[in-house]
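What follows is one structure encoded as structure tokens, with my remarks underneath.
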Amino acid sequence: MPELPEVETVRRQLAPRLEGAELRDVRIHDPRWTRPQPPGVVEAGLLGRRVERLGRRGKYLIWELSDEGQLLVHLRMTGALLYDPVGEPPHARVHFDLGDRHRLVYVDARRFGTGHFFEDPAARDRYLAQRIGVEPLTPEFTVEYLRRAARGRRAPAKAFVLDQRNIAGVGNIYADEALHRAGIHPLRPAGRLTGAQLGRLRDAIEVVLLAGIDAKGATIDDFRHLDGTWGSFQDQFLVHRRQGEPCPTCGTPVRKLVVGGRGTYVCERCQPRPRARRAGGRA
DNA sequence: CGCCCTGTTGGGGA
DNA sequence: ATCCCCAACAGGGC
């Protein structure tokens, strides 16, 4: 569930509840959550601090705490933050007591999610700078940026889009949607994309992410079934995660590939396969 | 019922 | 730079 639009939705819904709250008590039941640091260290860092602002960078939620403290929460595939759940939810891994009879529970069936604590914003930014590139919904996300980032890269376009150091927050499903919308085959080497293709890719990424955010609490699975309200977007979306399903644009059966180690769905009519090139390249 | 495969993520080693 | 495997579990197909 968590790609950029979903994480941004979580941030928006949680911010008013969390900002200003004090972390009266923090209990980390899953030692994995704070790896490589031991949970005790992270708990000690969080205890008694107030949440001043809830931000986001790529798929990381940023808890800006009092006295400069910073907590980066990553939901990975199945993590979720539940505000005042009724009873004890399954797969609860971390409990935050917010005082005032409010609480926040981090649940995660697969336990891939992480929480990293940093003493100050500078340390946090050093961590992020190493793994997160340009935010796709900002003015910095230009065709020129994409061109520079893709130049000379032999990795497939799909892997390029998925690489968080290039574009922050685009996950597997949105990557397929954007490539389909841009008419780019996921296997085409990133460095061989034309200027026109890079332009279409930039715009397509923006469109699918905004559509996801506008779908509010819905997951991408939900907005695939949206009615007239979102019909203008719906027609552009690939029918996903189902080989043989007709492409909504042209009716060609969707084919499944594995690219960058991820299941990848493609319409090979809308997204023509790259022509094989002779080995040995440069003269 | 059991086995096998798949998966919305990122990190580390080859 | 790139590729492959891994983490740990749920759910679906057979």
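All chains are named by letter (A, B, ...) in the order of the sequence lines, taking the proteins before the strands, and each is independently numbered beginning at 1.
In terms of heavy atoms, Leu4(A) sits closest to Pro136(A) at CD1-CG, 4.0 Å. The two atoms that bring Gln37(A) and Val41(A) nearest to each other are OE1-CG1, 2.9 Å, heavy atoms only. Nearest heavy atoms, Glu3(A) versus Val170(A): OE1-C, 4.1 Å.
Here the P atom of nucleotide dT2(C) and the CG atom of Asp163(A) are 9 Å apart, to the nearest Å. Taking atom CZ of Arg35(A) as the reference point, atom C1' of dT9(B) lies 13 Å away to the nearest angstrom. The CG-C1' distance, from Leu72(A) to dG10(B), rounds to 14 Å in whole Å. Atom CH2 in Trp33(A) sits about 19 Å away from atom C1' in dC9(C), given to the nearest Å. At whole-Å resolution of the value, CD in Glu6(A) and C1' in dT9(B) are 13 Å apart. Per the geometry, CG belonging to Asn166(A) stands 14 Å off C1' belonging to dG10(B), to the nearest Å. In this structure, CD of Gln243(A) is placed 15 Å from C1' of dG13(C), rounded to the nearest angstrom. In this structure, the CD1 atom of Ile173(A) is 13 Å from the C1' atom of dT6(B), given to the nearest Å.
Between Tyr174(A) and the phosphate of dT9(B), there is no side-chain N or O to OP1/OP2 separation shorter than 4.0 Å. For His91(A), a side-chain nitrogen or oxygen approaches OP1 or OP2 of dA10(C) to under 4.0 Å. At dC3(C), none of the side-chain N or O atoms of Lys158(A) fall inside 4.0 Å of OP1 or OP2 (strictly under the cut-off).
Note: Glu43(A) CD to Phe96(A) CZ = 9.5 Å, rounded to the nearest 0.5 Å. The CD atom of Glu22(A) sits 8.5 Å away from the CG atom of Leu47(A) when rounded to the nearest 0.5 Å. Rounded to the nearest 0.5 Å, atoms NE2 (His185(A)) and CD (Glu268(A)) are 4.0 Å apart.
Shown here are the ring-ring contact (aromatic ring centres under 6.0 Å, His included) partners of Tyr106(A), two or more places apart in sequence or in another chain: Trp33(A). Listed by chain and number, the residues in a side-chain contact (heavy atoms from CB on, under 4.5 Å) with Ala80(A) are Leu82(A), Val107(A) (sequence neighbours excluded). Applying the salt bridge (Lys or Arg N to Asp or Glu O under 4.0 Å) criterion to Glu8(A), with sequence neighbours excluded, gives Arg11(A), Arg12(A), Arg56(A).
Under 3.5 Å, the side chain of Arg242(A) and the base of dG13(C) form no donor-acceptor pair of N or O atoms.
Counting any heavy atom pair closer than 4.0 Å across all strands shown, Gly171(A) reaches sugar-phosphate atoms only and no base atom. Using a 4.0 Å heavy-atom criterion, one finds that Tyr60(A) contacts the sugar-phosphate atoms exclusively. Heavy atoms of Arg154(A) sit under 4.0 angstrom from primed sugar atoms or phosphate atoms, though from no base atom.
The 5' end of DNA chain C is approached more closely, in terms of each residue's nearest nucleotide, by Gly152(A) than by the other of Gly152(A) and Arg262(A). Comparing Arg111(A) and Arg153(A) against DNA chain C, the residue whose closest nucleotide sits nearer the 5' end is Arg153(A).
Listed in residue order, the members of residues 124-133 of chain A having a heavy atom less than 4.0 Å from DNA chain B are Tyr127(A), Arg131(A).
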Donor-acceptor pairs under 3.5 angstrom involving side-chain atoms of residues 122-134 of chain A: please list them, not counting sequence neighbours.
residue: Arg124(A); atom: NH1; partner: Gln70(A); partner atom: OE1; Å: 2.8
residue: Arg131(A); atom: NE; partner: Tyr127(A); partner atom: O; Å: 3.1

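Out of dA10(C), dG7(B), dT9(B), the shortest distance to the side chain of Glu3(A) is found at dT9(B). Of the candidates dT9(B), dG10(B), dT6(B), dT9(B) carries the atom nearest the Met77(A) side chain, counting heavy atoms from C-beta on. Closest to the side chain of Arg76(A), from the set dG11(B), dT2(C), dG7(B), is dG11(B).
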Pair His116(A)-His74(A), ring pair (Phe, Tyr, Trp, His ring centres under 6.0 Å): steps then yes or no: CA-CA 9 Å; His116(A) 286 89; His74(A) 199 299; 9.2 Å; no
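For dA7(C), the base is stacked against the aromatic ring of Phe112(A), per a cut-off of 5.5 Å between centres and 30° between planes.
Remark: DNA chain C takes part in the stems B:2-7 with C:9-14, B:9-14 with C:2-7, each of 3 or more antiparallel Watson-Crick or G-U pairs, criterion distances under 3.5 Å.
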